[in-house]
2 protein chains.
Amino acid sequence: MRGRTLILRNTGLFEGIEDDEMDTMLKCLGAFTRRYAKDEFLFRRGDRTDCLGVILSGNVLEIREDWWGNRTVLADVGKGQAICTDYACTSDVLDISIVSTMPTEVMYLDVGRAANVCNSSCEFHNRLVKNLMRSLARMSLGMNRRLDQLSKRSTREKVCAFLSDQARAAGSSDFIIGMNRQEMADYLGVDRSAMSTELGKMQRDGILEFQRNHFVLK
Amino acid sequence: MRGRTLILRNTGLFEGIEDDEMDTMLKCLGAFTRRYAKDEFLFRRGDRTDCLGVILSGNVLEIREDWWGNRTVLADVGKGQAICTDYACTSDVLDISIVSTMPTEVMYLDVGRAANVCNSSCEFHNRLVKNLMRSLARMSLGMNRRLDQLSKRSTREKVCAFLSDQARAAGSSDFIIGMNRQEMADYLGVDRSAMSTELGKMQRDGILEFQRNHFVLK
DNA sequence: ATCAAAACGTTGTTTTAACAACGGATACGA
DNA sequence: TCGTATCCGTTGTTAAAACAACGTTTTGAT
């Protein structure tokens with residue numbers, strides 16, 4: 001149970017809650033774990049759930065399928081990350097499917113119970129609710145920034161928005177990014193070589209300087 | 001106060017809470033209102049707030065500015081809609097500014113208080129917390145869908161993703177959309193005429209049919 | 001120190017989308 | 001009913017991004 005505690009902490013849901021309170025909390029949340037084989041569906045489009053899941057081990061993919069059956073991998077979720085948080089909070093029907101890519105163990109926590117003050121001595125309940133809200137809000141803020149980047153029309157605009165956010169996150173106009181060019185291009189939905197060319201132009205235009213992953217905005 | 005009640009209900013935060021309980025709730029949330037003139041800043045980048053705001057009257061814009069000063073209007077927020085929900089929940093510094101476009105009245109609610117069980121008889125507290133979480137999660141789901149659309153490379157893929165979502169929302173492959181072509185194109189970040197051409201091709205390819213705003217996916 | 005693989009930037013070519021302009025259809029008010 | 005404004009689709013043109021291929025630099029393991 002010690003290993004699990006560490007993984008659960010990674011989700012940010014249990015910040016401010018002592019280790020020795022965790023077991024109580026988990027009971028209070030109706031926690032249970034489930035194992036999946038490789039290539040097993042955890043959820044299919046159309047399902048509902050009141051529980052969010054924390055990946056204890058293994059790996060899953062979130063997949064969306066459009067009307068004509070075209071599939072998109074929305075996210076690659078690994079150890080210590082959560083799934084279904086949004087759906088559990090809204091009680092909405094899932095419009096995605098979730099499938100394992102390897103043997104996977106998931107701990108489920110009932111969100112409905114989290115939002116109800118339980119009868120027992122859960123003075124940490126408020127804390128958990130705040131953590132959950134903060135987690136939801138953080139996701140939302142992150143997506144907002146991503147939307148701002150992706151909604152830009154040109155490669156240059158996307159790059160500008162992306163680098164501005166990186167600079168703000170780093171707290172400086174002089175910073176290092178944790179992605180290589182290919183990852184950055186995929187993230188922005190553009191071609192790697194086209195982006196490389198654009199970065200070159202921007203440097204020549206004098207609005208930034210860079211070598212490899214080290215950028216300075218001007 | 002009656003008019004306000006109706007507007008506040010529109011936010012979805014007070015679902016399941018009776019009208020005569022509202023005033024108690026509002027006190028409990030430290031509610032207060034503030035008026036702004038036209039072109040006044042409600043918040044500037046770098047500010048913090050513990051309160052979400054509900055627009056009682058008027059209109060505001062959410063604006064993001066990148067490192068080089070390029071401005072983007074992220075959202076146009078009107079009566080009955082909320083601002084700063086995410087920032088209030090995370091206590092993060094705002095990375096956007098919010099400015100009024102006309103005389104505007106805003107009611108602020110302290111999110112921190114919402115997540116704490118108060119001493120008085122607020123049995124509706126849990127309800128409010130659930131509503132707030134649901135609201136956050138709904139925003140998140142909506143943004144996820146939008147991201148799925150915008151992250152597509154080609155116009156056709158974007159249109160496919162968009163129409164699939166519309167169909168799912170309508171619960172049928174035969175549906176009517178509430179946007180005109182220009183709005184739809186802006187939403188997907190593409191050119192209107194290019195999109196129109198693409199829609200024509202898709203119809204010729206037999207994967208959908210449409211007249212005006214009436215679509216049928218095949 | 002050497003080698004192989006990965007990462008990056010550059011160039012030329014092809015494909016795609018943006019842009020501009022226009023005509024027909026539709027909606028709406030006078 | 002007429003006239004006007006809006007909406008929509010189409011076409012030809014221009015601009016931009018994707019694509020493919022390649023040489024250099026960097027990285028990391030042996």
Side-chain angles (χ1 to χ4, degrees), chain A residues 66 68 70 72-73 76 146-163 166 174-218, chain B residues 66 68 70 72-73 76 146-163 166 174-218:
Chain A
D66 74 9
W68 298 273
N70 305 311
T72 313
V73 174
D76 186 325
R146 183 106 196 274
L147 274 177
D148 184 44
Q149 295 160 10
L150 283 176
S151 65
K152 294 295 192 309
R153 301 297 188 87
S154 69
T155 299
R156 176 176 288 221
E157 281 178 311
K158 287 180 186 177
V159 170
C160 281
F162 174 77
L163 291 178
Q166 293 286 317
D174 184 321
F175 57 93
I176 290 173
I177 64 173
M179 299 184 189
N180 63 30
R181 291 288 184 278
Q182 186 61 61
E183 290 165 337
M184 182 173 158
D186 289 343
Y187 190 77
L188 295 178
V190 297
D191 177 69
R192 181 194 60 81
S193 68
M195 190 186 72
S196 227
T197 304
E198 195 60 41
L199 281 170
K201 280 188 203 164
M202 291 165 79
Q203 183 152 229
R204 244 169 283 129
D205 290 349
I207 66 173
L208 59 79
E209 284 179 7
F210 69 95
Q211 309 104 5
R212 294 295 247 204
N213 296 345
H214 179 206
F215 287 81
V216 184
L217 311 188
K218 307 227 147 181
Chain B
D66 75 11
W68 298 273
N70 305 311
T72 313
V73 174
D76 187 323
R146 182 105 195 276
L147 274 176
D148 184 45
Q149 294 159 12
L150 283 176
S151 64
K152 294 295 192 306
R153 301 298 187 87
S154 68
T155 300
R156 177 177 287 221
E157 282 179 311
K158 286 180 187 177
V159 170
C160 281
F162 175 78
L163 291 178
Q166 292 286 317
D174 183 321
F175 58 93
I176 291 174
I177 65 172
M179 300 184 188
N180 64 31
R181 292 288 184 278
Q182 187 61 61
E183 290 165 338
M184 182 173 158
D186 289 344
Y187 190 77
L188 295 177
V190 297
D191 178 69
R192 181 193 61 79
S193 69
M195 189 185 73
S196 229
T197 305
E198 196 60 40
L199 281 170
K201 280 188 204 165
M202 291 165 79
Q203 183 152 230
R204 245 169 284 128
D205 290 349
I207 66 174
L208 59 76
E209 285 179 6
F210 68 95
Q211 311 103 7
R212 296 294 247 201
N213 296 346
H214 178 206
F215 288 80
V216 183
L217 310 188
K218 308 226 147 181

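Lettering of chains follows the sequences in order, A, B, ..., and the numbering in each one begins at 1. The shown structure was predicted, so the numbers you read here are calculated from the model rather than taken from an experiment.
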Worksheet item: Counting side-chain heavy atoms from C-beta on, which of C:dA7, C:dT11, D:dT10 comes nearest to B:T197?
Response: D:dT10

Worksheet item: Among C:dC8, C:dC19, C:dA17, which nucleotide sits nearest the side chain of B:A194?
Response: C:dA17

Take the protein atom [atom1] of [X] and the nucleotide atom [atom2] of [N], then report the distance between them rounded to whole Å.
| X | N | atom1 | atom2 | result |
| --- | --- | --- | --- | --- |
| A:Q182 | D:dA18 | CD | P | 12 Å |
| A:M195 | C:dA7 | CE | P | 13 Å |
| B:R156 | C:dA18 | CZ | P | 15 Å |
| A:L188 | D:dA17 | CG | C1' | 14 Å |
| A:R204 | C:dG9 | CZ | C1' | 10 Å |
| A:E198 | D:dA18 | CD | P | 11 Å |
| B:N180 | D:dC8 | CG | C1' | 10 Å |
| A:F210 | D:dT25 | CZ | P | 16 Å |

Item to complete: Please state whether the phosphate of D:dC8, meaning OP1 or OP2, lies under 4.0 angstrom from any side-chain nitrogen or oxygen of B:N213.
Response: yes

When rounded to the nearest 0.5 angstrom, what is the spacing between [atom1] in [X] and [atom2] in [Y]?
| X | Y | atom1 | atom2 | value |
| --- | --- | --- | --- | --- |
| B:L217 | B:I207 | CG | CD1 | 8.5 Å |
| B:R204 | B:L199 | CZ | CG | 11.0 Å |
| A:F215 | A:I177 | CZ | CD1 | 4.5 Å |

Worksheet item: With sugar-phosphate meaning primed atoms plus P, OP1 and OP2, does A:S154 contact a base, only sugar-phosphate, or nothing at under 4.0 Å between heavy atoms?
Response: sugar-phosphate

Discussion item. What's B:T155 touching, base or sugar-phosphate or nothing? Going by heavy atoms closer than 4.0 Å.
Written reply: sugar-phosphate

Response to the item:
Assign each of A:L199 and A:R153 the nucleotide of DNA chain C bearing its closest heavy atom; nearer the 5' end lies the nucleotide of A:L199

Response to the item:
When A:R192 and A:K158 are each assigned the nearest nucleotide of DNA chain D, the 5'-most assignment goes to A:K158

Fill in: A:D191 vs A:R212, nearer the 5' end of DNA chain D by closest nucleotide
A:D191

Worksheet item: Taking all non-hydrogen atoms of both residues, which atom of A:S193 and which atom of A:D191 are closest, and how far apart?
Response: OG-OD2, 2.6 Å

Worksheet item: With a 4.0 Å cut-off, would you call B:K152 and A:D66 a salt bridge?
Response: no

